[in-house]
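Report on the following structure.
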Amino acid sequence: MKIRPCALLWRHTNSQTEILLLHYRYGGCDVYALPGGNPDRGETLPQTVAREVTEEIGVTVEIGELVMTGEVLRPQLPADMLHLVFAARNLRGEPCLNPAHTTALAIVWKSLDDLEQLTLYPNVGRAIHRWFSQDLVGAGYIGPIDQPYFD
């Protein structure tokens, strides 16, 4: 099983919460991902998330608590994937794509209320919404993630 730690970055604007996502297009479908990626040897998971955020979108953040974990078990994929979502706070800098480190098309801020309608990677929109509605109490293990597969 591979692991993919990622960052949950948010901001509050006009009395709503918005989540930072990377926009991709796979198999003719719009896909939105939490920034993150693979750990380098000798790197802790929070270090991985901080590095990936800096590499992909050129900002720095403070990595906080582990918000949730869940796995994708799909026979179409070369390996099962364990997703670990960390809270990322104190965004410093203006997010800007770095094509040397991501194939994303754009950085977007999406309303928390819209997450369940989006195709997310990992597909944890409902769990993120629940985390915010429970005053940021860790969701813990959320079980298998029903992740769409894209060619």
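All values derive from a computational prediction rather than experimental measurement.
Contact between Arg4 and Pro122 at its shortest, heavy atoms only, is NH1-CD, 3.9 Å. For the pair Leu45 and Pro5, the tightest heavy-atom approach, listed with the atom from each and the gap, is CD2-CG, 4.0 Å. Smallest separation of non-hydrogen atoms from Ala87 and Trp131: CB-CH2, 4.2 Å. Between Gly42 and Gln47 the shortest heavy-atom distance is O-OE1, 4.2 Å. Shown here for Leu22 and Glu56, the closest heavy-atom pair between the two residues is CD1-OE1, 3.3 Å. Considering all non-hydrogen atoms of both residues, Gln16 and Ser111 come closest at OE1-OG, 3.7 Å.
A salt bridge (charged side-chain N to carboxylate O under 4.0 Å, His left out) check over residues 13-26, counting only residues at least two apart or in different chains, returns the pairs Arg11-Glu18, Arg25-Asp30. Pairs passing the ring-ring contact (aromatic ring centres under 6.0 Å, His included) check and including a residue from residues 46-88, sequence neighbours excluded, read His83-Tyr121. Pairs passing the salt bridge (charged side-chain N to carboxylate O under 4.0 Å, His left out) check and including a residue from residues 98-118, sequence neighbours excluded, read Glu116-Arg126.
Of the inter-residue distances, the one linking Ile128 atom CD1 with Ser133 atom OG reads 12.0 Å to the nearest 0.5 angstrom. The CZ atom of Arg51 sits 11.5 Å away from the CD1 atom of Ile63 when rounded to the nearest 0.5 Å. With rounding to the nearest 0.5 Å, the separation of OG1 in Thr102 from CD1 in Ile57 is 9.5 Å.
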Legend entry - Criterion side chain to side chain donor-acceptor pair (under 3.5 Å) on Thr119 and Tyr26, from CA distance to verdict: CA-CA 11 Å; Thr119 302; Tyr26 295 125; over 6 Å; no
Inset, instruction - Quick one: do Glu65 and Arg89 satisfy side chain to side chain contact (heavy atoms under 4.5 Å, CB included)? Show the steps, please. - result: CA-CA 10 Å; Glu65 69 274 20; Arg89 296 183 174 88; 2.8 Å; yes
Inset, instruction - Start with the C-alpha distance between Leu66 and Leu84, add both sets of side-chain angles, then the distance that settles side chain to side chain contact (heavy atoms under 4.5 Å, CB included), and finish with yes or no. - result: CA-CA 7 Å; Leu66 179 62; Leu84 302 106; 3.9 Å; yes
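Ile19 and Leu105 fall into different hydrophobic clusters, where Ile, Leu, Val, Met, Phe, Trp and Tyr side chains are chained together by heavy-atom contacts under 4.5 Å.
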Taking only distance into account, with no hydrogens and no angle test, what donor-acceptor pairs under 3.5 Å do side-chain atoms of residues 90-100 form with protein atoms, sequence neighbours excluded?
unit_1 : atom_1 : unit_2 : atom_2 : d
Asn90  : ND2    : Glu62  : OE1    : 2.8
Asn90  : ND2    : Glu62  : OE2    : 3.2
Arg92  : NE     : Thr60  : OG1    : 3.4
Arg92  : NH1    : Asn90  : O      : 2.9
Asn98  : OD1    : Ala100 : N      : 3.1
Asn98  : ND2    : Glu55  : O      : 3.1

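Remark: Leu73 engages Met1, Glu71, Asp80 in a side chain to side chain contact (heavy atoms under 4.5 Å, CB included) (not counting sequence neighbours). For Asp146, there are no salt bridge (charged side-chain N to carboxylate O under 4.0 Å, His left out) partners at least two apart in sequence or on another chain.
Annotation: side chain of Val124 is not in contact with side chain of Leu8 (no heavy-atom distance under 4.5 Å).
Residue Val53 is tested with Leu34, Val61, Leu20, Thr48 for a side-chain contact (heavy atoms from CB on, under 4.5 Å); the sole match is Val61.
Between Tyr32 and His23, the two ring planes are parallel [angle under 30°; tilted spans 30° to 60°].
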